[in-house]
Amino acid sequence: MPPSYADRLLTWFDDHGRKHLPWQQPRTPYRVWVSEIMLQQTQVTVVVDYFTRFMTRFPSVESLASAQVDDVLSLWAGLGYYARGRNLHKAAQVLCEQHAGKLPADLAGLEALPGIGRSTAGAIVSMGFDQPAPILDGNVKRVLARHAGIDGWPGRSAVARQLWALAEDRLPSGRFADYSQASMDLGATVCTRHAPACHACPLNADCVAHRSHRTHELPAPKPKANRKRRRSQLWLIRNEQGHYLLERRPPVGIWGGLWSLPEADDATTPPLALVEPPRPGPVLVHELTHFTWELCPMSALARGAQAIADGDNMSWYAPDNLPGVPAPIRRLIEEDRAP
DNA sequence: AATGCGGGGTC
DNA sequence: GACCCAGCATT
């Protein structure tokens with residue numbers, strides 16, 4: 001029986017883990033808590049000096065609770081996410097009023113405090129009290145997503161559920177503090193976002209992403225928020241037989257090789273003579289991965305019996321007998337035929 | 001489920 | 001300049 005995931009990670013940690021970070025000496029619940037709050041969405045190298053200054057000024061829960069919030073925030077200046085500092089101060093006061101100045105050793109008690117969510121609570125339970133609890137920070141998400149081959153952006157709740165379940169399942173039977181630290185250390189130093197050192201990873205033997213050469217695409221990145229917009233004008237031209245003018249698209253690119261409505265590079269010059277001035281039709285919005293494509297049709301009736309400018313790539317088609325036409329374009333034609 | 005919060009590191 | 005970082009609270 002090969003060593004378990006957790007055992008391999010812990011053995012690796014003994015040789016290669018980080019053991020001299022400021023909050024690890026000494027490693028108390030209070031120091032773990034403060035460090036975890038500072039480390040939310042903030043890199044280790046940035047936090048180190050802030051943490052050291054903070055501990056000098058506020059060495060205990062009581063000293064923090066009795067401070068003015070402005071004094072706390074002045075030490076936070078430059079770290080960003082200042083609600084973290086305010087919540088830290090507020091939570092210290094709650095601890096002094098309701099918990100005798102001690103941090104709870106259980107997840108529910110910790111998560112009831114402002115600024116402490118599921119992952120930070122798990123970090124305090126495991127690293128502050130050496131008790132079993134999973135964490136799921138950016139490092140652990142990356143390690144788990146790669147090792148188990150989890151697709152999808154971890155920000156999606158379905159993906160997050162899978163990752164939390166994995167984190168829970170893989171907890172060791174002891175050394176809980178070292179295990180949490182090891183999980184983050186592996187992500188920070190070996191299973192890095194760019195160019196992971198898989199040759200040095202204790203989990204490479206059964207890592208799905210490594211074996212399938214997909215480390216570079218896992219975990220999946222956050223989807224693009226605001227895509228570029230592109231606008232094209234289309235000619236929606238019908239002749240007196242009720243046929244529509246279609247144009248074959250270039251073989252590569254979007255809808256490559258399919259038939260579509262002629263794209264107008266010159267909005268004022270139709271590809272053939274019209275009976276009446278064209279009128280704008282309903283704008284078609286087509287979402288693609290990298291941009292939003294707005295297709296603005298100009299609808300018109302063509303004069304009969306005239307040569308088509310580009311006869312090889314342009315032709316009339318009956319709407320009930322269309323060739324390979326993308327569905328959105330097909331709908332556009334249908335709507336124009338029977339409004 | 002999506003968004004705001006922030007300064008800094010990295011490619 | 002885009003993307004991400006030991007996430008959480010709010011909507």
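Because the structure is a prediction, the values reported are computed rather than measured. Within every chain, numbering begins at 1; the chains are lettered A, B, ... in the order of the sequence lines, protein sequences first and strands thereafter.
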Item to check | Which residue lies more 5' along DNA chain B, comparing A:Trp153 with A:Thr42 via nearest heavy atoms | outcome: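 Going by which nucleotide is closer to the 5' end, it is A:Trp153.
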Checklist entry - Closest nucleotide of DNA chain B for A:Arg84 versus for A:Arg156: which of these residues is on the 5' side? => result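 Nearest nucleotide further toward 5': that of A:Arg156.
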Round to a whole Å and report the spacing from [atom1] of [X] to [atom2] of [N].
X	N	atom1	atom2	value
A:Leu88	C:dC8	CG	P	13 Å
A:Lys90	C:dA9	NZ	P	14 Å
A:Lys222	C:dC5	NZ	P	12 Å
A:Gln41	C:dC4	CD	P	11 Å
A:Gln40	C:dG7	CD	C1'	5 Å
A:Met38	B:dG6	CE	C1'	15 Å
A:Ile37	C:dG7	CD1	P	11 Å
A:Tyr50	B:dG6	OH	P	13 Å

Considering only atom [atom1], compute the distance from [N] to [M] and round it to an integer number of Å.
N	M	atom1	answer
B:dG6	C:dT10	P	14 Å
C:dC4	B:dC5	C1'	15 Å
C:dA9	B:dG8	P	24 Å

Closest approach of [X] and [Y], non-hydrogen atoms and distance?
X	Y	answer
A:Pro262	A:Glu247	CA-OE1, 3.1 Å
A:His89	A:Val72	CD2-CG2, 3.8 Å
A:Pro154	A:Ala160	O-CB, 3.6 Å

Checklist entry - For DNA chain C, which residues in residues 117-146 of chain A have a heavy atom at a distance below 4.0 Å? => result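 Output list: A:Gly117, A:Arg118, A:Ser119, A:Thr120, A:Asp137, A:Gly138, A:Asn139, A:Arg142.
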Next on the checklist: Please tell me whether A:Thr42 and A:Arg84 have a donor and an acceptor in their side chains that are separated by less than 3.5 angstrom.
Outcome noted: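 Side chains of A:Thr42 and A:Arg84: pair found under 3.5 Å.
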Checklist entry - Where along residues 69-79 of chain A does a heavy atom fall under 4.0 Å from DNA chain B? => result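 Close to the strand are A:Gly78, A:Leu79.
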Checklist entry - Of the residues in residues 13-33 of chain A, which ones touch DNA chain B at a heavy-atom distance under 4.0 Å? => result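 Of all residues in residues 13-33 of chain A, none places a heavy atom under 4.0 Å from DNA chain B.
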Can you pull every protein N or O that's under 3.5 Å from an N or O on nucleotides 9-11 of chain B?
unit_1: B:dG9; atom_1: O4'; unit_2: A:Gln43; atom_2: OE1; d: 3.1

Item to check | A:Thr215: side chain to side chain donor-acceptor pair (under 3.5 Å) partners, not counting sequence neighbours | outcome: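 A:Thr215: no side chain to side chain donor-acceptor pair (under 3.5 Å) contacts found.
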Next on the checklist: Over all strands shown, is A:Gln181 touching base, sugar-phosphate only, or nothing at heavy-atom distances under 4.0 angstrom?
Outcome noted: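 Since a base atom lies under 4.0 Å of A:Gln181, the category is base.
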Item to check | With A:Arg214 via salt bridge (Lys or Arg N to Asp or Glu O under 4.0 Å) - residues at least two apart | outcome: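 In terms of salt bridge (Lys or Arg N to Asp or Glu O under 4.0 Å), with neighbours along the sequence ignored, A:Arg214 is linked to A:Asp151, A:Glu217.
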Checklist entry - Looking at A:Glu111, A:Gln40, A:Glu36, which hits side chain to side chain donor-acceptor pair (under 3.5 Å) with A:Thr120? => result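 For A:Thr120, the side chain to side chain donor-acceptor pair (under 3.5 Å) test succeeds with only one of A:Glu111, A:Gln40, A:Glu36, which is A:Gln40.
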Checklist entry - Which sits closer to the 5' end of DNA chain C, A:Trp164 or A:Pro221, going by the nucleotide each is nearest to? => result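 The residue closer to the strand's 5' end, by nearest nucleotide, is A:Pro221.
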Item to check | Toward the 5' end of DNA chain C, by each residue's nearest nucleotide, A:Ile116 or A:Ala220 | outcome: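 Closest to the 5' end, via its nearest nucleotide, is A:Ala220.
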Next on the checklist: Run A:Arg142 and A:Asn139 through side-chain hydrogen bond (donor to acceptor under 3.5 Å, both in side chains) and show every step you take.
Outcome noted: CA-CA 5 Å; A:Arg142 188 167 55 251; A:Asn139 289 307; 2.9 Å; yes
